[in-house]
Amino acid sequence: MQPIVGLHHVTAIASDPQRNLDFYTQVLGLRFVKRTVNFDDPGTYHFYFGDDAGSPGTILTFFPWPHARRGLSGAGETTRTAFSVPLTSLSFWREHLTKSGILFEDTGKRFDEEVITLRDPDGMVIELVGHADASSVIPSRYADIPAEHAVRGFFGVTLLEQNGEGTFATLQVMGFKQVAQDGQRYRFSAEGSALGNHIDVILDPNASYGRAGAGTVHHIAFRVKDDASQLEWQKELSKSLNVTPVQDRTYFHSVYFREPGGVLFELATDPPGFGLDEPAESLGESLRLPAWYESRREQLELTLPKLVLHKAVQKTEA
Ligand code: ZN
């Protein structure tokens with residue numbers, strides 16, 4: 001079976017769409033790679049941010065619901081989403097966050113990495129993880145962040161669980177092995193060094209359950225190579241879990257299951273990717289709709305909140 005190498009995307013809930021767009025493109029310097037609608041609720045947006053190419057392992061997606069109430073993160077949820085940056089870039093990020101008026105905390109060393117913690121405008125906890133082996137990057141062509149300091153993609157996520165047994169077993173079936181432990185924090189990684197290959201589980205039997213809402217993560221998706229591999233994993237995981245049938249998400253194909261601790265997991269295929277329906281230069285600039293909503297385009301464009309996309313002046317090579 002083709003291995004699961006790391007995260008494909010993380011999907012979260014936001015409130016104000018413009019504020020969400022501005023924070024992730026201007027403060028974190030991600031590329032706005034897709035502007036589409038929530039396929040289950042087409043009167044609302046679905047945003048995708050990532051590296052310049054929209055590579056798997058870099059994709060943070062949001063359902064921005066303008067009047068969403070603030071959620072509360074708790075047990076059975078992804079409580080932290082971590083991005084990878086070079087260790088030598090942390091001083092740049094401290095200065096950049098300060099200039100941008102974003103409060104952050106120097107969390108210090110966690111295992112072999114140095115961590116900065118901040119919150120997005122909806123209170124979602126974001127970590128910037130500085131480490132020496134940060135991968136190369138395809139930086140957003142429209143961001144103000146110098147390429148050498150740009151966010152590489154995901155480092156990983158942290159899950160909060162009351163009891164680890166079922167979660168650990170599920171991660172092991174998926175090919176993740178426990179590689180480190182510090183107190184109640186257990187780190188799992190798959191073979192290799194793909195982006196998003198660190199799943200930390202914090203155990204706290206007294207943690208209360210969260211409440212979905214703005215600033216909380218809805219689900220996390222892991223990468224599968226293609227449709228055939230997805231079907232093999234669906235079969236394997238169905239031995240112990242309730243896995244959904246394959247769903248067509250246009251830019252990838254998905255199956256979902258809830259791991260025993262309560263976190264919603266997805267397996268998403270690498271292909272076809274975000275270049276499917278628009279050219280690389282103009283990703284995210286216009287509303288993309290799946291074929292079955294095209295007949296409603298005019299009405300949807302009128303109803304959806306207007307957006308202003310900031311594009312930094314492209315730097316020319318010296
Ligand atoms: Zn998803």
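Each ligand, and each atom within it, is numbered from 1 in the order the structure gives.
If you look at Y24 and F62, their ring centroids are closer than 6.0 Å. Ring centroid separation for the pair F63 and H46 comes in under the 6.0 Å cut-off. For F154 and F83, the distance between ring centers is under 6.0 angstrom.
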Start with the C-alpha distance between L97 and V27, add both sets of side-chain angles, then the distance that settles side chain to side chain contact (heavy atoms under 4.5 Å, CB included), and finish with yes or no.
CA-CA 7 Å; L97 292 170; V27 178; 3.9 Å; yes

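If you look at the Zn ion (ligand 1), the protein N, O or S atoms less than 2.8 Å from it are H9 NE2, H219 NE2, E266 OE1.
Hydrophobic cluster membership for L195: none, as no Ile, Leu, Val, Met, Phe, Trp or Tyr side chain comes under 4.5 Å of it.
A donor-acceptor pair under 3.5 Å links the side-chain atoms of W93 to the main chain of H149, judged by distance alone.
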